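Have a look at the structure below before the remarks.
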There are 2 protein chains.
Amino acid sequence: MTETSLREDLQNLPRTDPALDRLVEEIIGRVADKWTMLLIEILTEQECCRFGELSRACPGISQKMLTQTLRAMERDGLVTRMVYPVVPPKVEYRLTDLGLGLSKAFCGVWLWAEANFEKIEKARSDYAAKAAVQDPS
Amino acid sequence: MTETSLREDLQNLPRTDPALDRLVEEIIGRVADKWTMLLIEILTEQECCRFGELSRACPGISQKMLTQTLRAMERDGLVTRMVYPVVPPKVEYRLTDLGLGLSKAFCGVWLWAEANFEKIEKARSDYAAKAAVQDPS
DNA sequence: ATTTATACTTACCCAAAAGAGAGTATGGAG
DNA sequence: CTCCATACTCTCTTTTGGGTAAGTATAAAT
């Protein structure tokens, strides 16, 4: 596929009405966030996870953010939350079909990032070099 | 495609080393942000834009955020910045091939959001209803 | 001489996001 | 009787994001 035809493809996406656009943008803003993406990836790799497992699989996340993100995902219908009334508590999370669909959609972005990280790093060092020449502090 | 085979497909993504994973995650965190996504969409629809055009096409963005986001995108090699040394100033932005690739990759997420926003809205109202039953304030 | 246009930059400020750390409930193991 | 495990929740503090408004440079138009 040439670059020109690709651009045409993208330009020919169905244009919807503005209200719908804003809704879709809101959803993307909500869903395209670091922790959500990471959790979706983890839950794609391992279908069923407890809170502690997710916490360990997601290095750097705080309990607070983990709870918060999982709640938002549950609210949006991306994960199910199974609470077992036992002690100590046990809660299992898994992706819904909707969540799995998002996982599949976002997969393209992961692949892009994996395929292009070298170009991005090069762009960054080029930019830094250029800035250093123009502004030798 | 069945759900099972889809999950298997996703699980069979090439697993890379942890350092690379972290790099890729950092890139996704950087790039999966509201303004970046909107600007990429605008620049996909209209190949070449001046600062003021982007500002008008991107309702709600402040000059500060527009400058900031464009600079980050330039740094990451997603857009080029053509400065014409005229007065009043004239600067043109356009996507690089790298940026266009991201646009294409992220396109799947837009389509997912457009296709599933009704399910998400339903999930949200269901969740709100359930919460109202459990916690009738 | 003054205004206009453009693409910023800088300084200041507020609100929201996120981290740290302690607290909670409770049955079972020792 | 004490401790542990789990999945939180709460409070407090720090960090970040992002808005507003003013300033800059200069050629051309009035």
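Residue numbers begin at 1 in each chain, while the letters A, B, ... track the order of the sequences. Nothing here was measured: the structure is a model prediction, and the numbers come from that model.
Nucleotides of DNA chain D nearest to A:Lys64 and A:Arg56 differ in position, and the one nearer the 5' end is that of A:Arg56.
Residues A:Glu26 and B:Arg124 are paired through a salt bridge, judged by an N-O separation under 4.0 Å between the basic side chain and the carboxylate. A salt bridge links B:Asp126 and B:Lys122; the closest N-O separation between the charged side-chain nitrogens and carboxylate oxygens is under 4.0 Å. A salt bridge does not link A:Lys119 to A:Glu121: none of the charged side-chain nitrogens sits closer than 4.0 Å to a carboxylate oxygen.
Summarising the geometry, the separation between CD on A:Gln68 and C1' on D:dT9 is reported as 12 Å, rounded to the nearest angstrom. Atom NZ of A:Lys34 and atom C1' of C:dG19 are 12 Å apart (whole Å). Distance, B:Arg30 CZ to D:dT16 C1': 15 Å, rounded to whole Å. Between the P atom of D:dT20 and the CD1 atom of B:Ile61 lies a distance of 13 Å, rounded to the nearest Å. Straight-line distance from the CG atom of B:Leu70 to the P atom of C:dT6: 17 Å, rounded to whole Å. The separation between B:Glu92 atom CD and C:dC8 atom C1' is 16 Å, rounded to whole Å. The distance between atom OH of A:Tyr84 and atom P of D:dC8, rounded to the nearest whole Å, is 14 Å. When rounded to the nearest whole Å, the span between NZ of A:Lys90 and P of D:dC8 equals 13 Å.
Side-chain proximity of B:Pro88 to C:dA18, C:dT6, C:dC8: nearest is C:dT6. Checking D:dG18, C:dT9, C:dG19 against every side-chain atom of B:Trp35, the shortest atom distance belongs to D:dG18. For A:Val87, the side-chain atoms get nearest to C:dT26 when compared with the rest of C:dC8, C:dA11, C:dT26. Which of D:dT20, D:dT6, D:dC8 sits closest to the side chain of A:Arg81 comes down to D:dC8. Of the listed nucleotides (D:dG18, D:dA7, C:dC8), D:dA7 has the atom at the smallest distance from the side chain of A:Gln63. The side chain of B:Val91 has C:dC8 as its nearest neighbour among C:dC8, D:dA7, C:dG19. When each of C:dT9, D:dG19, C:dA7 is scored by its nearest atom to the side-chain atoms of B:Arg71, the top-ranked nucleotide is C:dT9.
Contact check, A:Thr67 against D:dC8: no side-chain N or O comes under 4.0 Å of OP1 or OP2. Note on B:Arg50: a side-chain N or O is less than 4.0 Å away from OP1 or OP2 of C:dA7.
Using a 4.0 Å heavy-atom distance criterion, A:Tyr93 is classed as a sugar-phosphate-only contact.
When atom types are taken as modelled, the side chain of B:Ser55 and the backbone of B:Phe51 share no donor-acceptor pair closer than 3.5 angstrom.
Among B:Leu54, B:Thr80, B:Ile42, the single residue meeting the side chain to side chain contact (heavy atoms under 4.5 Å, CB included) criterion with B:Tyr93 is B:Leu54.
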